[in-house]
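Below is one structure, written out as structure tokens; comments come after it.
From a predicted model like this one, the values you see are computed outputs, not experimental measurements. Positions are given from 1 along the sequence.
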Amino acid sequence: MSLQIGVPRETFPGEKRVATVPEVVEKLKKLGFGVLVESGAGEAANCGDDAYRAAGAEVVPDAATLWSRADIVFKVRAPNADEVARVREGQTLVSFIWPAQNPDLMQQLAARKATVLAIDCLPRQLSRAQKMDALTSMAGISGYRAVIEAANAFGRFFNGQITAAGKVPPAKVFIAGAGVAGLAAIGTAANLGAIVRANDTRAEVADQVKSLGGEFVKVDYEEEGSGGGGYAKVMSEGFQKAQREMYAQQAKDVDIIITTALIPGKPAPKLITAEMVQTMKPGSVIVDMAGEQGGNCELTVPGEAVVRHGVTIIGYTDLASRLAKQSSTLYATNLFRLTEELCKTKDGVIDVNMEDDAIRGLTVIKDGAVTWPAPPPKLPAAPPPAAKPAMPPPAPKGHGHGAGEPMSAGGLAAVFGGGGLLFLLIGLYAPAAFLGHFTVFILACFVGYMVIWNVTPALHTPLMSVTNAISSIIAIGALVQIAPPVEAGLSRPEELIRWIAIVGIGLTCINMFGGFAVTRRMLAMFRK
């Protein structure tokens, strides 16, 4: 018998997301599950009851009915006390739980003898877990929305403009933390035309910052900041002091600061002090994305936007919820991918396989027994380093050349000398008609050599496509061979030459148009 997946209406104040959307309901049905949706669950995310019915879901009137009938419950926010009381023995709950921050909730759910999968506990270092990574999905949306909120509160353009009324300088944006949310904010701010700077304790993200159009601001202190699961670790006091000095300098110069620093299981680190806020220019904006964990700014008020010392400090805790349709769609897709892993047989029955590293990491309670924290996943062993091939002895100077290297002057002179001698011998004994064609052939070989051989190998592919097209000028020679003088007539050898010329024209046309087509496709790869 197939199981029923229930999607209740979120009860957390201001939460607009829903755990699944009509498009995903159809996919869950194909896995063999029935789907129950509480009436009005998706209204705030522009997913009406009629859309769910059309997708094959059953809309139930209230939460009590849904919790009593559902075998599996999909939620966004962790359940409140009323919802915990509705959890049945043997029921499976999939939601954000945050077990480190909610130990009491963990004990309450364990007492209900349920199975709980915390989507926030997914082992993110597993490549196969990326399709289920709701933290990354929500962080990307939050980073985008943070820039939109900053633009709304900021009193100028983001991009620089020159108008008849004067010059408008571009906004300067500093982003503290270049994780998923920070990188999304960097890309959004750069696309809006701002000057973007960013910092992170993990030095390896510097290239990612630059690739998105930002400038990586390095702290003048050497210490590695990579932590587990894609997060940063707590840094030493020496590093934090140097970091605060750098933040103080940036605060005086930039117009907008966006902070994203979070450490799992701990309060958000304080990066922006009240003194730094006082030094910022009037009209500046701070968007504190860590507001739900206390905030990275000392003056942040979680859930609110306040003005302190002329600076707007935004501490909204529902940034992803402010793009409810988009975030609900991505979250629903993440849960669907998880369901695929739980139901590989596609018969509407799940198997919480504790031998699967991804499922084991997600499972914080199994049939009433607390299984959190999970042991570290078994990552595949790194392949042994390949043995370095023995280096061939260097060739003596003046004897040969490597692929792609121009020939030495002496070698080139020898080649031309030998070629000239060969040409002289052929000219003495070959027919005059052959000599003309042979001259064209030799010149073509020389031009091709000089064009191709003296170009860096990195450019060979686009260059070859263009030169192939240009070299198709031989089609003209083939046309000449097709139409000899009428009065001369055609002998048997000339008739063979004519048909060879016809084939040659066909091949050169393919070469000509194909060369330009390849070049155009390659150039299109570099256009936005």
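Sorted by first and then second residue, the pairs that involve residues 307-352 and meet ring-ring contact (aromatic ring centres under 6.0 Å, His included), not counting sequence neighbours, are Phe96-Tyr331. Within the structure, salt bridge (Lys or Arg N to Asp or Glu O under 4.0 Å) contacts touching residues 279-301 (residues at least two apart or in different chains) are Arg77-Glu292, Asp255-Lys281. Screening residues 288-308 for ring-ring contact (aromatic ring centres under 6.0 Å, His included) gives no qualifying pairs among residues at least two apart or on separate chains. Residue pairs meeting the ring-ring contact (aromatic ring centres under 6.0 Å, His included) criterion with at least one partner in residues 1-30, sequence neighbours excluded, do not occur; the list is empty. The ring-ring contact (aromatic ring centres under 6.0 Å, His included) pairs that include a residue from residues 139-169 number zero, where partners must be two or more places apart or lie in different chains.
Under the rule for a salt bridge (charged side-chain N to carboxylate O under 4.0 Å, His left out), the partners of Asp253 that lie at least two apart in sequence or sit in another chain are Lys172, Arg197. Under the side chain to side chain donor-acceptor pair (under 3.5 Å) criterion, Asp367 pairs with Thr115, sequence neighbours left out. Not counting sequence neighbours, the partners of Tyr247 by the ring-ring contact (aromatic ring centres under 6.0 Å, His included) test are Phe174. Residues that satisfy the salt bridge (charged side-chain N to carboxylate O under 4.0 Å, His left out) test with Glu83, not counting sequence neighbours, are Lys75. Listed by chain and residue number, Glu237 satisfy the salt bridge (charged side-chain N to carboxylate O under 4.0 Å, His left out) test with Arg244 (two or more places apart in sequence, or in another chain). A search for salt bridge (charged side-chain N to carboxylate O under 4.0 Å, His left out) contacts involving Glu89 returns nothing, not counting sequence neighbours.
The pair Glu43-Lys16 fails the salt-bridge criterion, with no side-chain N (NZ, NE, NH1 or NH2) lying under 4.0 Å from an Asp/Glu carboxylate O.
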Quiz: residues 160-167 side-chain donor-acceptor pairs under 3.5 angstrom, not counting sequence neighbours:
unit_1 : atom_1 : unit_2 : atom_2 : d
Thr163 : OG1    : Ala165 : N      : 3.2
Thr163 : OG1    : Gly166 : N      : 3.3
Thr163 : OG1    : Gly166 : O      : 2.8

